[in-house]
A.B. asks: 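Structure below; questions to follow.
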Amino acid sequence: INMRWLSKPAVTKAIALGTTLFDIGNKFYSYGLMVLGPLLVLTANLLILGVAWVLLTTARPFLPLYLQIPLTAMGFWFLFNILFNYWCCILTSPGHPDADYEIDPRILEKERQQGFLIPGSSRYCRSCDRGKPERAHHCSVCGNCIHRMDHHCPWMHNCVGLNNHRYFLLFLFYLWTACVMTALTMVVLLFQISSHEYGLVSLSTRNQLFFVMTITGAVIFAAGFLFFWHVYLMISNQTTIEFYMNRFEGTAATLRGDVWMNRFDVGWRKNFRVFFGIDITDFRWLMPSFRRPLSNGDNYPTRNYSLHLV
């Protein structure tokens, strides 16, 4: 293929202009998320506490007396775990490479010889101007490389990475489960109210219950998609970024006639233990804790190298 046209001045200027415009757009996007993040965090907390308040003060009196105590206790349990995991995800650093992290020069030299065959797979970060560990990626919003980066979440005002991915998944689990239970309860209550089983009920009460049903119904779909997506990523030992990288690499391997396998996938049960730090049969993984991940961010267990983690 004749690539001499790339050296033409007009083409060179167009490429440089495109790169500059991309960098400018990326900076505006990053600044926008930095400003939007605190507002979304405030909004999320107000919605969570608002729904909880309506359930406690408006919906609870409609329940039979024998259900009020257990459901109220369950509601506080869900509320505590939702807020605990939410704020742990916000306040926990996702993990960054050490400032003195050094990469084997032979790896960078091999990259220079082969070129960047897989988007995002380079072990050299242009933004930080230094090497980075495997599975680390640069976040333009946070301005740092992130260990095992999944994505930057504006609702968390933080990156989801190695150290806080567990909190993110548990937050989605408790949020989705609580919303399913709440939405079903609201449907039953509104049906009974419309059937006049409770006599005359004020419009304000009806609107509050309908508001809660609408909010929780929307969250069921949005958070449910995210929750099951991240469960899949967890049991297959991938991140969202790596999922697309792996698809690219798998397609390239298929075209070469090779068989590609994710070398970090050590089996769903071991993947679970690497992610949560304990086995799936130990139900403490559901409990609030500050347990650290098994990996330090520089090395990860693979099919041929366990790191004594699994």
Side-chain angles (χ1 to χ4, degrees), residues 44 48 74 77-90 92 94-95 120 135-137 146-156 158-184 216-250 260-295 297 300-303 309-310:
I48 292 170
M74 186 181 299
W77 168 252
F78 276 104
L79 178 62
F80 174 78
N81 278 281
I82 288 171
L83 292 176
F84 174 84
N85 287 290
Y86 183 75
W87 279 99
C88 280
C89 190
I90 292 174
T92 301
R135 309 185 81 179
H137 301 278
I146 306 297
H147 282 312
R148 198 181 175 277
M149 178 179 173
D150 186 89
H151 68 288
H152 182 92
C153 181
W155 289 95
M156 300 290 176
N158 196 7
C159 267
V160 176
L162 175 67
N163 294 337
N164 62 353
H165 202 166
R166 174 174 69 90
Y167 297 125
F168 182 76
L169 182 58
L170 286 175
F171 164 73
L172 291 176
F173 166 73
Y174 281 109
L175 180 67
W176 183 77
T177 307
C179 284
V180 169
M181 296 176 59
T182 300
L184 292 175
T216 54
V219 172
I220 286 172
F221 289 100
F225 171 79
L226 278 176
F227 170 63
F228 289 107
W229 168 248
H230 281 272
V231 168
Y232 164 73
L233 293 176
M234 181 264 294
I235 62 177
S236 59
N237 208 331
Q238 303 178 87
T239 64
T240 300
I241 294 174
E242 290 171 347
F243 171 79
Y244 293 103
M245 291 173 53
N246 291 342
R247 287 191 64 183
F248 186 96
E249 190 171 358
W260 180 87
M261 298 180 71
N262 176 14
R263 65 191 185 90
F264 296 110
D265 185 357
V266 291
W268 72 268
R269 187 159 183 167
K270 290 181 179 179
N271 291 339
F272 185 98
R273 186 178 179 192
V274 170
F275 187 89
F276 280 100
I278 53 179
D279 195 78
I280 190 172
T281 56
D282 188 338
F283 290 99
R284 287 180 299 166
W285 62 269
L286 280 169
M287 304 298 175
S289 74
F290 298 102
R291 187 170 48 254
R292 302 284 294 179
L294 295 180
S295 173
Y300 298 90
T302 63
R303 291 174 180 269
L309 298 180
V310 293

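Note: hydrogens, waters and symmetry copies are ignored here, and every other heavy atom, side chains too, is used. Nothing fancy with the numbering, it's 1 onward along the sequence.
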A.B. asks: Flag the pair Phe225 / His230 as yes when their ring centroid distance falls below 6.0 Å, and as no otherwise.
C.D. replies: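 No, ring centres 6.0 Å or more apart.
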A.B. asks: What's the spacing between Asp279 CG and Lys270 NZ if we round to 0.5 Å?
C.D. replies: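 So the gap between those two atoms works out to 11.0 Å.
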A.B. asks: Sequence neighbours excluded, which residues qualify as ring-ring contact (aromatic ring centres under 6.0 Å, His included) partners of Phe228?
C.D. replies: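 Checked Phe228 against ring-ring contact (aromatic ring centres under 6.0 Å, His included); matches are Trp176.
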A.B. asks: Under a 3.5 Å distance rule, please check whether Asn164 uses its side chain to pair with a backbone N or O of Cys159 as donor and acceptor.
C.D. replies: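 Side chain of Asn164 to backbone of Cys159, a donor-acceptor pair under 3.5 Å: yes, one is there.
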A.B. asks: Looking at Ile82 and Ala178, what are the two nearest heavy atoms and their distance?
C.D. replies: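 So the two residues come closest at CD1-CB, 4.0 Å.
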A.B. asks: Within the structure provided, determine whether Met149 and Ile241 are in side-chain contact (heavy-atom separation under 4.5 Å).
C.D. replies: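 Met149 reaches Ile241 side chain to side chain.
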A.B. asks: Classify the ring geometry between Phe275 and His165 as parallel (under 30°), tilted (30 to 60°) or perpendicular (over 60°).
C.D. replies: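 Perpendicular, since the angle between the ring planes exceeds 60°.
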A.B. asks: If the plane angle is over 60° it's perpendicular, under 30° parallel, otherwise tilted; pick one for Tyr86 and Phe171.
C.D. replies: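 It falls in the tilted class, 30° to 60°.
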A.B. asks: Could you list the residues that satisfy ring-ring contact (aromatic ring centres under 6.0 Å, His included) with Tyr232, not counting sequence neighbours?
C.D. replies: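 Here the qualifying residues are Trp229.
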A.B. asks: Tell me whether Asn81 contacts the main-chain N or O of Tyr174 through its side chain, where contact means a donor paired with an acceptor under 3.5 Å.
C.D. replies: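 Not confirmed, Asn81 side chain does not pair with Tyr174 backbone.
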A.B. asks: Evaluate the side-chain contact (heavy atoms from CB on, under 4.5 Å) criterion for residues Leu294 and Arg273: first the C-alpha distance (whole Å), next the side-chain angles of each, then the deciding distance (0.1 Å), finally the verdict.
C.D. replies: CA-CA 8 Å; Leu294 295 180; Arg273 186 178 179 192; 4.2 Å; yes
A.B. asks: Does any non-hydrogen side-chain atom of Leu169 lie less than 4.5 Å from one of Phe227?
C.D. replies: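 Of all side-chain heavy-atom pairs linking Leu169 with Phe227, at least one is under 4.5 Å.
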A.B. asks: Any salt bridge (charged side-chain N to carboxylate O under 4.0 Å, His left out) involving residues 216-236? Give me the pairs, sequence neighbours left out, ordered by first then second residue.
C.D. replies: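 Qualifying pairs, neighbours excluded: none.
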A.B. asks: So, Asn158 side chain and Ile90 main chain: donor-acceptor pair closer than 3.5 Å or not?
C.D. replies: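 Yes, the answer is positive, given that a donor and an acceptor are paired below the 3.5 Å cut-off.
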A.B. asks: Output, in order, the C-alpha distance, side-chain angles, deciding distance and verdict of side-chain contact (heavy atoms from CB on, under 4.5 Å) for Phe168 and Cys153.
C.D. replies: CA-CA 10 Å; Phe168 182 76; Cys153 181; 4.2 Å; yes
A.B. asks: Is there side-chain contact between Leu162 and Tyr300, with heavy atoms separated by less than 4.5 Å?
C.D. replies: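 Yes. Closest side-chain heavy atoms under 4.5 Å.
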A.B. asks: Taking all non-hydrogen atoms of both residues, which atom of Thr182 and which atom of Thr216 are closest, and how far apart?
C.D. replies: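 Taking Thr182 first and Thr216 second, the nearest heavy atoms are CG2-CG2, 3.8 Å.
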A.B. asks: For the side chain of Glu242 and the backbone of Thr239, is there at least one donor-acceptor N/O pair under 3.5 Å apart?
C.D. replies: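 Checking the backbone N and O of Thr239 against the side chain of Glu242, a donor-acceptor pair under 3.5 Å is found.
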A.B. asks: List the atom pairs, with distances to 0.1 Å, where a side-chain N or O of residues 283-291 and a protein N or O form a donor-acceptor pair under 3.5 Å, not counting sequence neighbours.
C.D. replies:
residue	atom	partner	partner atom	Å
Arg284	NE	Asp282	OD1	3.0
Arg284	NE	Asp282	OD2	3.0
Arg284	NH2	Asp282	OD2	2.6
Trp285	NE1	Ile280	O	3.2
Ser289	OG	Arg166	NH1	3.4
Ser289	OG	Arg291	NH1	3.3
Arg291	NE	Phe276	O	2.9

A.B. asks: Return the NE2 to OG1 distance between His137 and Thr240, rounded to the nearest 0.5 Å.
C.D. replies: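 Nearest 0.5 Å value for the NE2-OG1 distance: 10.5 Å.
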A.B. asks: Name all residues meeting the salt bridge (charged side-chain N to carboxylate O under 4.0 Å, His left out) criterion together with Arg148; count only those two or more places apart in sequence or in a different chain, and write none if there are none.
C.D. replies: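 Salt bridge (charged side-chain N to carboxylate O under 4.0 Å, His left out) check on Arg148 returns nothing, list empty.
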A.B. asks: Carefully, step by step, assess Met181 and Phe78 under the rule side-chain contact (heavy atoms from CB on, under 4.5 Å).
C.D. replies: CA-CA 11 Å; Met181 296 176 59; Phe78 276 104; 3.8 Å; yes
A.B. asks: Once rounded to the nearest 0.5 Å, what's the spacing between atom CG of Leu226 and atom CZ of Phe221?
C.D. replies: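 Reported value, rounded in 0.5 Å steps: 14.0 Å.
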A.B. asks: As an exercise, state the distance from CZ of Arg303 to CG of Asn237, rounded to the nearest 0.5 Å.
C.D. replies: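 It is 10.0 Å, given to the nearest 0.5 Å.
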A.B. asks: In chain order, what residues pass the salt bridge (charged side-chain N to carboxylate O under 4.0 Å, His left out) check against Arg263, with sequence neighbours excluded?
C.D. replies: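 Result, salt bridge (charged side-chain N to carboxylate O under 4.0 Å, His left out) vs Arg263: Glu134.
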A.B. asks: Evaluate His147 against Asn163 for side-chain contact (heavy atoms from CB on, under 4.5 Å), listing each step before the verdict.
C.D. replies: CA-CA 8 Å; His147 282 312; Asn163 294 337; 5.8 Å; no
A.B. asks: Kindly confirm or rule out a cation-pi arrangement of Arg135 over Phe264, judged by NZ or CZ under 6.0 Å from the six-membered ring centre and within 45° of its axis?
C.D. replies: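 Yes, a cation-pi geometry holds between Arg135 and Phe264.
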A.B. asks: Could you tell me if Asn262 and Gln238 have a donor-acceptor pair between their side chains, going purely by distance under 3.5 Å?
C.D. replies: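 No, no side-chain donor-acceptor contact under 3.5 Å.
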A.B. asks: Look up atom CG in Leu170 and atom CG in Leu175, then write down how far apart they are to the nearest 0.5 Å.
C.D. replies: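 Between Leu170 CG and Leu175 CG, I get 12.0 Å after rounding to 0.5 Å.
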A.B. asks: Students often mix this up, so state it plainly: with edges at 30° and 60°, are the rings of Phe84 and Tyr167 parallel, tilted or perpendicular?
C.D. replies: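 It falls in the perpendicular class, over 60°.
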